[in-house]
Every structure is written in C-alpha cells, then in structure tokens.
2 protein chains.
Amino acid sequence: MAKKTDNPKMGRPRGFDTTAALDAAMRVFWEKGYEGATLTDLTDAMRINRSSMWAAFGNKEELFKKAFERYLGTYQGYIREALEKPTIREVIESSLRGTVDFLATPGNPKGCLSVHGALAVGDEADPIKQWLIQLRKNGLSVARKRFEQAKKSGDLGEDVDPVALTRYVATLIQGLGVQHASGATKAELMRVVDVALQHMGYLDEGQHPNHKENQAR
Amino acid sequence: MAKKTDNPKMGRPRGFDTTAALDAAMRVFWEKGYEGATLTDLTDAMRINRSSMWAAFGNKEELFKKAFERYLGTYQGYIREALEKPTIREVIESSLRGTVDFLATPGNPKGCLSVHGALAVGDEADPIKQWLIQLRKNGLSVARKRFEQAKKSGDLGEDVDPVALTRYVATLIQGLGVQHASGATKAELMRVVDVALQHMGYLDEGQHPNHKENQAR
DNA sequence: AATAATCTGAATCGTTAGGTACAGATGTCG
DNA sequence: CGACATCTGTACCTAACGATTCAGATTATT
C-alpha cells in the first residue's frame, strides 16, 4: 500500500541539501565513471546514508541521470553561449577555448562526464551508455543547426560542408577531453586549439583554403 | 615448494591456442572496458576454463596487459607505417585515414582499446588506467620525434610548432574513436578527416596559412 | 501534547566479483 | 611401461556489490 500523502510539507523535512548532494555524486561519477563509482563511494562523498539516497533519488541509475542533468546545467553552459555567438568563427573559437578552460578548471576531475561516464562498460551499465550516446547525438544535432544556419546566411563559404564541420569540431572537443585525461596541461591543450584555429583562418575571409588565390590574413 | 621444472616440454601440453585465447579476451576488453569485462565474460569468450586462464596468464590485470600488447601488434601497425611515410603531409593523412579504416573495420568493437580500456574507472582498476595513460604518452612521444625531424629537415615550415601539431593529430585520432563509439558511420568519420586535411593544405606548399600572400593550391 | 509523516542509520538480503584448492584427466619422457 | 609434470573442470572461498528492510529519531500539522 504505502500510499503517499497529498501534503508534502508534512513529516520530518530532509536533513540535507539535495543539490549539494547531487554535486558531490556528480564529481564521483565524473572521476570514476558510472560503473567504477560504488554506492559507498557515492554516499560517502554525499555525506548521506544509503537509504537517504535511496529515498531521495531512486537508485544508482536515476542518481546518475539526475547528476548528469545537473552537470549539464552547471558546466556545459559555455557551449550554449558559444553557439549564440554572431559568427561561426566565434562559435568555434569560443567552444574550443571554452572547452580548454572548462577542462583545466582547478578542482575539476579529468575529462568530461558525457564521455567519461560510460564509454565502454559491462552489460549492467549498458542502458546508461546508450542514454549518454543519445544525449551526445542530441548535442551534436543542436550544434549542427547553428552551422547550417551559418551556411544559409552566407557566414560559411559555398564549398564548406556544415555537417562535416560540426562533427569536426565535436571530434576536437571530445579529443581534448581524452588528451586532458591523458595528462595534457592547459597550455598544451590550448596549443592544440591554436593549431586548429590557425587552420581555420579561412573562416575570417569567407573563403576556402583550397580556393584559388585565397589570401589568408 | 611447488618448484618449477627446467624442462617446459614436460607434462601435459596446453589444450588451447594461447594467442587465439588472447584475441578473444582482447575483444571482450575492447567492448566492455577493463572493469566492465567480467572473468566469466572473458573465459566464456576464450572458451577456456577459469583455472586454465589463471595458469596461462596470471590474473585479470596480467591478462589485460598481454591482450593489449597483442592489440598493439595486431591493430596498431598502421600508425607505425604512417610514421614512416616520407612527408609529414603523408604521415598525417595516412594516420587519420588509417584510423577511420581501422575503426570502421566490420566486426571490430567500437572505439580503440587504448582509450576505451580504462578511461574513468574505480579504485581497483586505477593501476590499469595509469598504465594506459603512460602508454599513450609514449606513443605521443614517438610521433613527436617524427614531427620534430620533419621540422629540422624543412618539411615543416618555420612557423609551425611540431609539438603542438603532433598533439593536434593525436587529439583528432582520439576524438574519432569517441565519435565512432557515439554512432558515427565510416563516411561521417571520413568527412571529418577530409575537413582536417583540407585545413592543412598549407603542408603541401611548405607555407603557413597565416603567412602573407599564401596561395593554396 | 498527540499524531502522522518522513527521515536516518544499522543490519541484512541475494548476487556476483575475482581468486583458489583439489582431484582426476592427459600428455611427455626416461 | 610407468613415473611425473602439467592441464582441466568442479566446487568453493572471501569480499564487495547494489538493493532493501525496519526500528527509532525527528519534525510539521492538528
């Protein structure tokens, strides 16, 4: 039976801050991945009892999803901001440099939760892996719209494939996360971004590097 | 006591092919990652008994390391070959296209074992994670030597930073692995490589895109 | 103050993990 | 042939996993 009351104000109120607890869980998942993070790891970090976690968040899977949503809200705002920049050149530069700033923020775990959360996992964690894949696809889709709009508005040259360019930038961003997790410093990551941006100098001119008589700078 | 004999030919010979078993283990680790791969998963795939595995390979950690070495020998030859190409342009094109071919080979698990094996893991698998990080660093170091040599020989322009360029290519390669694991098709991956190579057209000219009067093609 | 609802902490569940022990099977070599 | 080293399969060990129960503490409403 265990029927729920209509009045949620009744009874003993929660003794901990749910968002603070979610933040703590998020960091553990970020460091150890979904299946590497033990319930004990999580509750220790959240400074919460096992059953309190259970009552507040459901189970490990639900906890991860909620922590991930908080991660998106807290840490991935720079991507949304980057996509709103007026020119595609600024969109790319802002998202790449933003990624490096984000990754190298002192105190942040290595890499990004979207990739590190569940890249290759056992059967039990497969639903979470699939869920993350879908979210990454959605993110790519949002970015692609911005690039396609730039193509229509003439911000991107005639011979530029906006879909491929979107995925190229996404590939770089995800690669930066792996590099970071492999021990690259902020300066080294930023040098990678410099190289990528130098290569894309043609965006400033609205011309393609393979065009004849393309003058850069 | 259990002293070992001097003659390894004595006693009952092994009833299975060790390299075939290693191949099977490699694939399981590749699909599920180090901590996602269960001993039962492994021995089932290897068609071997638990104690046979134990006797032949030591423990899970040793099995992974041996499987990974086999992986390097079997699947990462294209990187070595790419680094031997005469020009740096060919080195880059060959390693990027080789990566796509490798990733999209039918029957291969998603991504690459070096990254997918243990990116973010729990405490117990941390030694393997560190081991893989070190191997990735070593690989980067080998590639860097090739790029620095190209700089000295004049194959790379004066204003190109060979160290940064090396890491840029590595970032792309690892990003391609993540993209593949996120569901990108071979064609989509190859389009990303096309974009990257178009950006690097300056390599054919020995000039930098930010140079004045740089004429591409 | 009495009541009802909720939270908290410890104890416990069944399952599975990696790792072993041991008896019997199977082959090699003197 | 016969002794012996090594492999194979079953059964089992301990520890840790995620998940759950339940008595008691705590607090808002009545």
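Values in this document were obtained by computation on a predicted structure and should not be read as measured data. To find a chain, count down the sequence lines: A is the first, B the second, and so on, and within it residues start at 1.
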What integer distance in Å separates [X]:[atom1] from [N]:[atom2]?
X: A:Asp123; N: D:dG18; atom1: CG; atom2: P; answer: 16 Å
X: A:Phe16; N: C:dC7; atom1: CZ; atom2: C1'; answer: 9 Å
X: B:Asn59; N: C:dT20; atom1: CG; atom2: C1'; answer: 13 Å
X: B:Glu35; N: D:dC17; atom1: CD; atom2: P; answer: 11 Å
X: A:Asn49; N: C:dG9; atom1: CG; atom2: P; answer: 5 Å
X: B:Leu63; N: C:dG19; atom1: CG; atom2: P; answer: 10 Å
X: A:Lys60; N: D:dT20; atom1: NZ; atom2: C1'; answer: 17 Å
X: A:Phe29; N: D:dG18; atom1: CZ; atom2: C1'; answer: 12 Å

Starting at the 5' end of DNA chain D and moving along, which residue's nearest nucleotide shows up first, A:Asp41 or A:Trp54?
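It is A:Asp41 whose nearest nucleotide is closer to the 5' end.
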
Which residue lies more 5' along DNA chain D, comparing A:Glu124 with B:Ala55 via nearest heavy atoms:
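Closer to the 5' end of DNA chain D: B:Ala55.
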
Over 60° means perpendicular and under 30° means parallel, so classify the ring planes of A:Phe16 and A:Phe57, tilted if in between.
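Ring orientation, 0 to 90° scale: tilted.
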
Classify the angle between the aromatic ring planes of A:Phe68 and A:Phe64 as parallel (below 30°), tilted (30 to 60°) or perpendicular (above 60°).
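It falls in the parallel class, under 30°.
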
Side-chain ion pair, A:Asp155 and A:Arg89, N-O less than 4.0 Å
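Looking at A:Arg89 together with A:Asp155, the answer is no, because their closest N to O distance does not fall below 4.0 Å.
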
Strictly below 4.0 Å, N to O, side chains only: are A:Lys186 and A:Asp101 in salt-bridge contact?
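Salt bridge flag = yes for A:Asp101 with A:Lys186.
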
Looking for any heavy atom pair under 4.0 Å, which part of the strands does A:Ala125 touch: base, sugar-phosphate only, or nothing?
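A:Ala125: no heavy atom of the nucleic acid under 4.0 Å.
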
OP1 or OP2 of C:dA17 versus the side-chain N and O atoms of B:Thr38: is any pair under 4.0 Å?
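For B:Thr38, the contact criterion (side-chain N or O under 4.0 Å from OP1 or OP2 of C:dA17) is met.
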
Evaluate the side-chain proximity of B:Arg97 to B:Asp194: yes if any heavy-atom separation is below 4.5 Å, no if none is.
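In short, these two side chains touch, coming nearer than 4.5 Å.
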
Given DNA chain C, 5'-ward residue of the pair A:Arg14 and B:Ser51, judged by closest heavy atom:
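Here A:Arg14 is the residue nearer the 5' end.
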
Would you say the side chain of B:Arg50 and the base of C:dG18 hold a donor-acceptor pair, judged only by whether the two atoms sit under 3.5 Å apart?
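In this structure, the two groups form a donor-acceptor pair.
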
